[in-house]
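Written below as structure tokens is the structure these notes are about.
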Amino acid sequence: MRIPLILSCLLVACTPAADHRPPAKEQAPTTSPANVSHGEAPIGATETPPPVDAAAPARATAKLHKVRLEMMDTVVTIAEGVRYHAWTFAGRVPGPVLRVTVGDTVDFTLINRAMMPHSMDCHAAEGAPSRVYTNVMPNDSLHYRWVAKVAGAFMYHCGTAPAAAHIANGMYGAVIVDPVRPRPAAREYVLVQSEFYTLPGAGADSATTSLDWPKFLSLAPDHVTFNGRGGQYATHPLPAKAGELVRFYVVNAGPNRVSAFHVVGGIFERVFLDARATPTLEGVQTVNVPVGGGAIFEVRPPEAGDYPFVSHAFADATKGAVGILKVE
Ligand code: CU
Ligand code: CU
């Protein structure tokens, strides 16, 4: 039922300050932007610059990985036409994917090219945070080695206080640790889900957004993304073949929203929750990936067509946590 305009104005005027109901103009769209169930975003629209490649890096062959990561400020595009002044690993949001195998050694150097202290908390590594997750000052660096001991999909992020701001501003990424015995052959994608809370003009110029702290505390993101840009795999679908095994490494960087990961038209054959070596679940439709956690999803699309993948928390899908698996 439509509320008369005058009455709706009165309702807004009477709303107490602590109430976070959206203003009356923010109403659900009445026309569907997509032509498939759960789409929530136009499919195949053009977009520049090109999106982040979701294809997983190949399984590692070396046993020693020299990783050198620089931290710096970068302006990134988080949704069509929305620029965000981000704090980054390697100038990207999310940072680069690291892929190693159980038993491998990572020789890690972290360099701070930014104006404030940063650090890295790597969930795939075990060690005393007071030794390895310490703050790196501007123009300083930190070096240590760690050995991958547990297989899974892990998050890394800046842990400098307030970690909330450092994560919300883009400092996170994924680490894949493979088991020694390879997983079955599959087409593999990495998806890092995260949110952005935008304040226009808070970046380096009036056209650039940056973190809106009250929105962050109110759990009200403007954009929810896979790999740092809302809807980028709806506009640039991820390819697959009918009957092929597709494996998604999903890491949820948050910083606040649980990802209810679901592939429309598919049922997951197996889901490896967090770092479990054996499938935790088989034959499931939707599985939560907690903030700060990861999971590995295996699905086999039965026939050609467009299969949306979403966070089934639908405010988040509407804000960009949606993509398309295009099956030939
Ligand atoms: Cu940081
Ligand atoms: Cu953490």
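Given the structure is predicted, the values throughout are model-derived calculations rather than measurements. Atoms considered below: every heavy atom in the structure, side chains included; atoms not considered: hydrogens, waters and symmetry mates. When a ligand or atom number is given, it counts from 1 through the structure's own listing order.
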(request) Run the salt-bridge test on Asp222 and Lys319 with the 4.0 Å N-O cut-off and return the result as yes or no. (result) no
(request) Round to 10° and report the angle made at the Cu ion (ligand 1) by SD of Met171 and ND1 of His118. (result) 90°
(request) Name all residues meeting the salt bridge (Lys or Arg N to Asp or Glu O under 4.0 Å) criterion together with Asp121; count only those two or more places apart in sequence or in a different chain, and write none if there are none. (result) none
(message) Tell me whether the NZ or CZ atom of Arg68 lies within the 45° cone about the ring axis of Phe108 and under 6.0 Å from its centre.
(response) no
(message) Between Tyr249 and Tyr189 (judged by ring centroids, cut-off 6.0 Å), do the two rings come close enough to count as a pair?
(response) no
(request) Taking side chain to side chain donor-acceptor pair (under 3.5 Å) as the test, write out the residues that go with Thr160, two or more places apart. (result) Ser119, Asn135
(request) Quick one: list whatever passes side chain to side chain donor-acceptor pair (under 3.5 Å) with Tyr172, sequence neighbours left out. (result) Ser194
(message) Which atom name would you report as the N, O or S atom of His166 nearest the Cu ion (ligand 1)?
(response) ND1
(message) Please give me the protein atoms (N, O or S only) lying under 2.8 Å from the Cu ion (ligand 2), ordered by chain and number.
(response) His123 NE2, His157 NE2
(request) Determine whether the aromatic ring centres of His166 and His118 lie less than 6.0 Å apart. (result) yes
